[in-house]
Undergrad: 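Before I ask anything, here is the structure I am working with.
FYI, side chains are in, hydrogens and waters are out, and symmetry mates aren't considered; it's all heavy atoms of this structure. Order of the sequence lines sets the chain letters (A, B, ...), proteins ahead of strands, with each chain counted from 1.
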Amino acid sequence: MINHREIEKKWQAAWEAAKVYEMEPDERKPLLVTAAFPYVNTPLHIGHLRTYCTADLYARYMRMNGMNVLFPFALHASGTPVLAMSKRIRSKDKEIIENLKNFNVPDEEIARMEDPLYIIKFFSNRIEEGMKAAGVGVDWRRKFVSTDPIFSKMVEWQFGKLKELGYLEKGVHPVGWCTNDNGAVGQHDTLHDAHPTIDTITVINFKDQDSDATFPCATYRPETIYAVTNVFINQNHRYVIAEISGKRFYVSKDAAEALSLQLDVKVISEVQPSELLSKKAINPVTKEVVPVLPGFFVKPDFGTGVVMSVPSHAPFDYAALERLSASGYPMPKMEYRKIIGLDKKDAQAKSATAKPEDQEQAGIDVPSLAYLKVLDIDANADEDLLEEATKLIYREESRWGVMLVGEHKGMEESKARELIKKELQERGDAFSIYILSNPEPIYCRCGYRVVVKVVDQWFINYGNANWKESVRSYLPSILVYPKKLRAALESASEWIDLRATERAQGLGTKFPFDKSHIIESLSDSTIYPTLYTYIHILYSNGVKPEQLLPQFFDFVLLGLSDAESVSKATGIDTLVLKKCRESAQYWYQNTSRHSGADLIYNHYIMYIYNHVAIFPKDFWPKKIIVNAMVNYEGEKMSKSLGNTVPFNEAIERFGADHLRFIEVTGSELDTNTEFSQSALSSIISKNQFLLDAVLKLESMESAELAHIDYWLYSRLNSKIRAAKEALDELLLRVAYTEIYYNSISELKWYAERGGANLLAVREFLDKVALMLAPAMPHFAEELWHAMGNTTLVVKEQWPQFNEKDISQDAEEAEKIIKATIDDISKAVSITSNISSNKGKKEKLVKIIIADEWKTPAYNLLAEKKSISEVINAQGICDDKEKLSGFASQFSKRLMALEPIIPVSAAYLTNAFNQAKDWIAGKVDARVEVEAESQSKSARASRALPNRPSIDVVWS
RNA sequence: GCAGGGGUGGCAGAGCUUGGCCAAAUGCGACGGGCUUAGGACCCGUUCCCUUUAGAGGGUGCGAGAGUUCAAAUCUCUCCCCCUGCACCA
């Protein structure tokens, strides 16, 4: 049995001694491979390992291809989690302490974690140990943490640049807000982790006919303004007159309170609902004067507490009016005007639940009534059902609706909605407010209802047109893997707009323009890969953080000014400055960035934007590589499921190479990998097979090459070519299926076929070991040395394939031989049932190889799909009778014929002759190989190209 | 709702760009056989249904429906469903 830990430690020590991962600029082409740094509040689990080992595989592969590849590593600690964790430890939170104990954190360490800095120290060390145990080839001299002072200096410089460029803006932003805590509320701060979703909603001003006050009607569908019959308020709640930005409005008391967090609201006085009900309001578009009526469903804490009534298209409005009318409320005359129709001609409309033609047939001209009927309810239905009808009509009219009236007659409703909203707002007849659109109210953990507050904020304006355009035009130059991710990246980079960039709490870099706040923890982690290129030079020369003035970064990263003057300003030695600059320029010209799929929509977009904003073009991102997750025994791993496997522990149990290999090459980048015990034992036994194969070399000798040896050489060289093609496209699974799984089955097949040529097997194993090195570095090293090599395999070059060793004849012939075995056994079983053969035991199998001319004849048939054309073709076969006999057998499946790979009949015959004894053993018969033209067998003419005819002769 | 990605055999997962070697690679599982003291190791075969005494034929089939085509898992349209993101969360 292989002792994987022993092997791993042995080679890790050898690599460290040889400093194989400590890279400095040289004459080779550079590549800087970086992976998104991990957060330091927990140990890493085997899910993280996939990203880091994918990056490691890529780094090792490119290194073997002659590049100077640097793979550094750092850690992320900014933001609130570490702070929150130390707080929980201070308050002796049982859950967190239990968690830490599960990660084998000793009690005394847990106690020290009351200090957040200790958490960072502890886990960053754990993570480094884990990465080393996994054999990830990192240049550890360059390690840093995002809370280090040097890091902060860089981020301050970055934000100075963004400000200079005009990309930093002060503005307002709606957030979920708790009036009790007086703070912003995210998903983690709410009861049951409900996510507060903030929507904007349009408020249309209906002026009071008799005063200067206004009824602000909140609506999702401003385009229905053409069908408004009245205004609704809820007479059972309190209303006030409030001054909003200097104008007077009637709003519910609750709404006035909520809106005061968004707008400048001053409550003037309370007003009785009955008074409001006596008023008339003016539709700002149609100028119609409409009454104010009591609406049972109007929620005083939603929007403004005032809504406009559109009975023809809103089931609630319809129901309220019908009920009022039925209750004997004095109703003015009103018309339920249908202003939106479903396009009948459009095939889409057929899918609507309330079909236009059905409505017509039933003589219903009120869509909301039609939708009530669809649900088999009427105006007196439960609110739940009315809600359902509302959703249905909203959805279907938004999708297929067309405006029937107004300026935008004939336009799709969804387009008209935006247009009308914009027009109303421009005329001052409407404004927008923010609301929480969750169906249920959201509560803060403290118990208070969450509301929307508009807060003052610094933003990075990713919506800046010039900036966006630069990104848009550069994006196609970035290589993205997996390729289908490009679409997501493009749409996300179009969509990103204002991004709030400072927070009141957390660890990290102080926001330079408001030192009481810190920089938001994704915004501080966009250009940090540059730091890897020179930070070890700062460390080794004792440069102090306070020496890192903006001039330093201007010089090192942008090439501004000169070393002498920067040295004067900062006190840093000119040689050190020059070295930093050279290092940055060398490494950053070619980068590859790796991460899990979760970072596409945030980190990658900000990463690209910030590089484009700050650096000259040669520093812009070159390559982005994203991997999916890891499942453990069929289940998604997540903290909430509690089934994460810490990787220090996993390496101990499963072996670093085994884990790496399964995670990284077990599936392509875009699919989740399955880590399971069965996959593990399969790898273990296959590795054992390879090591055993090396041992067996001792009993082999070199000999003249036979067909099966040519076959092995050919397979090896095609394999090298195929693997390189796949790896260059990051098709890791394709590549390693070829390198590993296929190689093993080929070696087995080779042995099965009696192959035992020392030269051939040696070369095969040597090159397989080389190609395994990026994926299973420790095992590859072991294999490499077992073969008698004395160099380190991880420093070797990727093998070259030999075009002339790739033999179509050999590979095809072997496939044919394999398939022929099947044909023979079928033929034997069928012929043994023929009555004249009953009782006979001895058999002679004749393998009849088709004449050479049949191959071009067949391929011409496949190409032309015409029998006559082939028969009349010159130079294929002079015996037209034979040719037509051959061609006409394909008449039925002519269309399905595809060209075959030609194998010379001579080679095939020779290969079969060499395989004859082996075949005889397999099928328990005497075997003869003969050419079709020489054969006297009645079945001879049935030989097909690449498919010999089989004649079983019983005696 | 918006944006992006998907839906393939018992399962996982290729194929879809460039329609036809596709009843659909590969792996796992299951079944039968071999090798073995034994086996979770290895080797061979079978694994949608029907017919077939020579390498075959027919049917059904790739979320649902419609269309284009001599021909559709693959192209077009519609619908349904799933995953991810939607920003104070790293």
Side-chain angles (χ1 to χ4, degrees), chain A residues 36 38-39 41 76-82 173 175-176 183-189 195 197-199 220 346-348 350-351 391 394-395 398-399 414 437 455 457 482 484-492 494-506 520-522 525 597-603 631 634 666-668 670-672 674 676-679 681-682 684-686 688-689 733-734 737 741-742 748 752 819-835 837 862 865 892-900 922 939 942 944 947-952:
Chain A
Y39 203 81
N41 66 340
H76 193 204
S78 8
T80 48
V82 165
H173 187 58
V175 292
V185 179
Q187 183 167 1
H188 302 288
D189 308 311
H195 182 72
T197 36
I198 297 171
D199 250 1
Y220 281 112
D346 200 336
Q348 299 164 339
K350 289 179 184 144
S351 308
K391 275 189 185 149
Y394 181 83
R395 190 180 127 112
S398 297
R399 199 174 288 191
S414 51
S437 65
V455 295
Q457 266 279 337
K484 67 177 176 191
L485 226 65
R486 182 178 294 282
L489 214 52
E490 276 170 3
S491 69
E494 288 299 326
W495 152 88
I496 193 170
D497 193 20
L498 290 174
R499 166 89 196 188
T501 193
E502 35 105 6
R503 297 292 137 83
Q505 286 195 335
E520 180 269 330
S521 55
L522 280 170
S525 307
D598 49 335
L599 299 186
I600 298 164
Y601 291 95
N602 40 58
H603 170 71
N631 289 349
S667 68
E668 296 300 352
D670 58 357
T671 18
N672 288 354
E674 198 63 45
S676 64
Q677 196 62 45
S678 66
S681 34
S682 149
I684 291 174
S685 70
K686 287 188 169 70
Q688 187 69 55
F689 172 88
R733 187 169 107 113
V734 168
T737 301
Y741 296 102
N742 290 356
K748 282 179 182 163
E752 159 79 21
T820 302
I821 301 281
D822 292 352
D823 283 350
I824 294 173
S825 46
K826 273 184 198 155
V828 166
S829 83
I830 290 163
T831 52
S832 68
N833 288 329
I834 296 171
S835 54
N837 291 332
K865 312 282 184 208
K892 268 193 186 167
R893 45 199 180 101
L894 207 52
M895 282 306 168
L897 292 188
E898 286 287 330
I900 53 166
K922 288 299 270 190
R939 298 196 51 78
R942 304 195 60 152
L944 299 178
R947 189 146 198 193
S949 174
I950 307 300
D951 192 2
V952 185

Undergrad: Looking only at atom C1', what distance separates B:C70 and B:G4, rounded to whole Å?
TA: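 One C1' to the other, the span is 38 Å.
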Undergrad: Provide, to the nearest angstrom, the distance between the CG atom belonging to A:Leu522 and the P atom belonging to B:A90.
TA: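 Whole-Å distance recorded here is 8 Å.
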Undergrad: Tell me what A:Glu494 touches on the nucleic acid: a base, only sugar-phosphate, or nothing, going by heavy atoms under 4.0 Å.
TA: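 The residue A:Glu494 makes no contact with any strand.
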Undergrad: Using the test salt bridge (charged side-chain N to carboxylate O under 4.0 Å, His left out), find all partners of A:Glu520 that sit at least two apart in sequence or belong to another chain.
TA: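 In terms of salt bridge (charged side-chain N to carboxylate O under 4.0 Å, His left out), with neighbours along the sequence ignored, A:Glu520 is linked to A:Arg499.
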Undergrad: What is the nucleic acid contact for A:Asp199, judged by heavy atoms within less than 4.0 Å: base, sugar-phosphate only, or nothing?
TA: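 Contact class for A:Asp199: none.
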Undergrad: Tell me the interatomic distance from A:Trp495, atom CH2, to B:A87, atom P, rounded to whole angstroms.
TA: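 It is 8 Å, rounded to the nearest whole Å.
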Undergrad: Just to be sure I understand the rule, does A:Ser78 reach a base, reach only the sugar-phosphate, or reach nothing, if contact means heavy atoms closer than 4.0 Å?
TA: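 Sugar-phosphate: the residue A:Ser78, judged by heavy atoms under 4.0 Å, touches backbone atoms but no base.
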Undergrad: Suppose we define a pair by two distances each less than 3.5 Å, Watson-Crick or G-U wobble; what does B:C42 pair with here?
TA: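 By the stated definition (distances under 3.5 Å), B:G34 pairs with B:C42.
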Undergrad: Any protein N or O atoms within reach of nucleotides 1-10 of chain B? Criterion: under 3.5 Å, listing atom names and distances.
TA:
{"residue": "B:A3", "atom": "O2'", "partner": "A:Ser491", "partner atom": "OG", "Å": "3.1"}

Undergrad: How close or far is atom P of B:C86 from atom CD1 of A:Ile198, stated in whole angstroms?
TA: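 It works out to 13 Å between those atoms.
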Undergrad: Within less than 4.0 Å of OP1 or OP2 of B:U26, is there a side-chain N or O belonging to A:Thr737?
TA: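 No.
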Undergrad: Roughly how far apart, to the nearest Å, are B:A64 and B:G13 at atom C1'?
TA: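 Taking atom C1' in both B:A64 and B:G13, they lie 23 Å apart.
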Undergrad: In whole Å, measure the gap between the C1' atoms of B:A73 and B:U60 for me.
TA: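 Roughly 15 Å separates the two C1' atoms.
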Undergrad: Please name the nucleotide paired to B:U60 by Watson-Crick or G-U wobble geometry with both distances under 3.5 Å, or report none.
TA: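 Across any shown strand, B:U60 pairs with none.
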Undergrad: Run the side-chain contact (heavy atoms from CB on, under 4.5 Å) test against A:Val952 and tell me which residues pass, sequence neighbours left out.
TA: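 Here the qualifying residues are A:Ala827, A:Val828, A:Thr831, A:Lys843, A:Ile950, A:Trp954.
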Undergrad: On a heavy-atom basis, which atom in A:Thr820 and which in A:Pro948 lie closest, and how many Å separate them?
TA: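 Taking A:Thr820 first and A:Pro948 second, the nearest heavy atoms are OG1-CD, 3.8 Å.
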Undergrad: Could you measure between the two C1' atoms, the one in B:U52 and the one in B:G58, and give it in whole Å?
TA: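 11 Å, rounded to whole Å.
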Undergrad: Take atom P in B:U17 and the same atom in B:U74, then report the distance between them in whole Å.
TA: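 Nearest-Å result for B:U17 against B:U74 at atom P: 10 Å.
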Undergrad: Take atom CG of A:Leu944 and atom P of B:A54, then tell me their distance rounded to the nearest Å.
TA: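 Checked: the CG to P distance equals 16 Å.
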Undergrad: What's touching nucleotides 14-18 of chain B from the protein side, N or O pairs under 3.5 Å?
TA:
none

Undergrad: Does any donor-acceptor pair link the side chain of A:Ser949 with the base of B:G55 at a separation under 3.5 Å?
TA: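 Checked by distance alone, the answer is yes.
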Undergrad: Both distances below 3.5 Å, Watson-Crick or wobble geometry, any strand: find the nucleotide opposite B:G85.
TA: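 The base-pairing partner of B:G85, which may sit in any strand shown, is B:C2.
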Undergrad: Need one value for A:His603: base, sugar-phosphate or nothing, where a base atom within 4.0 Å counts as base even if backbone is also close, heavy atoms only.
TA: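 If one applies the 4.0 Å heavy-atom cut-off, A:His603 turns out to touch nothing in the nucleic acid.
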Undergrad: Between A:Tyr39 and A:Pro948, which has a closest nucleotide on RNA chain B that is more 5'?
TA: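 Per heavy-atom nearest nucleotide, the more 5' residue is A:Pro948.
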Undergrad: Starting at CD of A:Glu490, measure out to CG of A:Leu485 and round the result to the nearest 0.5 Å.
TA: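 It comes to 10.5 Å.
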Undergrad: Please confirm whether the backbone N or O of A:Val734 pairs with a side-chain atom of A:Glu668, one donor and one acceptor, at under 3.5 Å?
TA: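 Yes, the answer is positive, given that a donor and an acceptor are paired below the 3.5 Å cut-off.
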Undergrad: What's the shortest heavy-atom distance between A:Ala488 and A:Ser491, and which atoms?
TA: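 Nearest heavy atoms, A:Ala488 then A:Ser491: O-OG, 3.2 Å.
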Undergrad: Tell me the interatomic distance from A:Ile496, atom CD1, to B:A87, atom C1', rounded to whole angstroms.
TA: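 Computing the A:Ile496:CD1 to B:A87:C1' distance gives 8 Å.
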Undergrad: Using atom C1' of each nucleotide, how far apart are B:U26 and B:G15 to the nearest Å?
TA: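 After rounding to an integer number of Å, I get 12 Å for this pair.
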Undergrad: What residues form a ring-ring contact (aromatic ring centres under 6.0 Å, His included) with A:Tyr39, not counting sequence neighbours?
TA: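 Listed in chain order: A:His76.
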Undergrad: Expressed as a whole number of angstroms, how long is the span from A:Arg939:CZ to B:A56:P?
TA: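 Rounding to the nearest Å, CZ of A:Arg939 and P of B:A56 are 12 Å apart.
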Undergrad: B:A23 and B:G59: how far apart are their P atoms, nearest whole angstrom?
TA: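 Going atom to atom, P in each nucleotide, I get 12 Å.
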Undergrad: Taking atom C1' in both B:C77 and B:U84, compute the distance separating them and give it to the nearest angstrom.
TA: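 Taking atom C1' in both B:C77 and B:U84, they lie 26 Å apart.
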Undergrad: Does any nucleotide pair with B:G9 by Watson-Crick or G-U wobble geometry, both distances under 3.5 Å, and what is it?
TA: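 Paired with B:G9, as far as the under-3.5 Å criterion goes, is no nucleotide at all.
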Undergrad: Please work out if A:Ile950 contacts a base, only the sugar-phosphate, or nothing of the nucleic acid, heavy-atom cut-off 4.0 Å.
TA: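 It contacts base atoms.
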Undergrad: Write down the distance between CG (A:Asn742) and C1' (B:G27), rounded to a whole number of angstrom.
TA: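 Distance, rounded to whole Å: 12 Å.
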Undergrad: Please give the nucleotide sitting opposite B:A25 as a Watson-Crick or G-U wobble pair, both distances under 3.5 Å, or none.
TA: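 When the pairing criteria are applied, nothing turns out to pair with B:A25, so the answer is none.
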Undergrad: Taking all non-hydrogen atoms of both residues, which atom of A:Asn41 and which atom of A:Pro81 are closest, and how far apart?
TA: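 Shortest heavy-atom contact: ND2-CB, 3.8 Å.
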Undergrad: According to the Watson-Crick and G-U wobble definitions, with both distances under 3.5 Å, which nucleotide is paired to B:C70?
TA: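 B:C70 is paired, partner B:G20.
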Undergrad: Let me have a per-nucleotide readout for nucleotides 40-47 of chain B, 5' to 3', with B, S or -, counting only protein heavy atoms under 4.0 Å.
TA: --SS-S--
Undergrad: Looking for any heavy atom pair under 4.0 Å, which part of the strands does A:Leu498 touch: base, sugar-phosphate only, or nothing?
TA: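 The answer is base, as A:Leu498 lies within the cut-off (heavy atoms under 4.0 Å) of a base atom.
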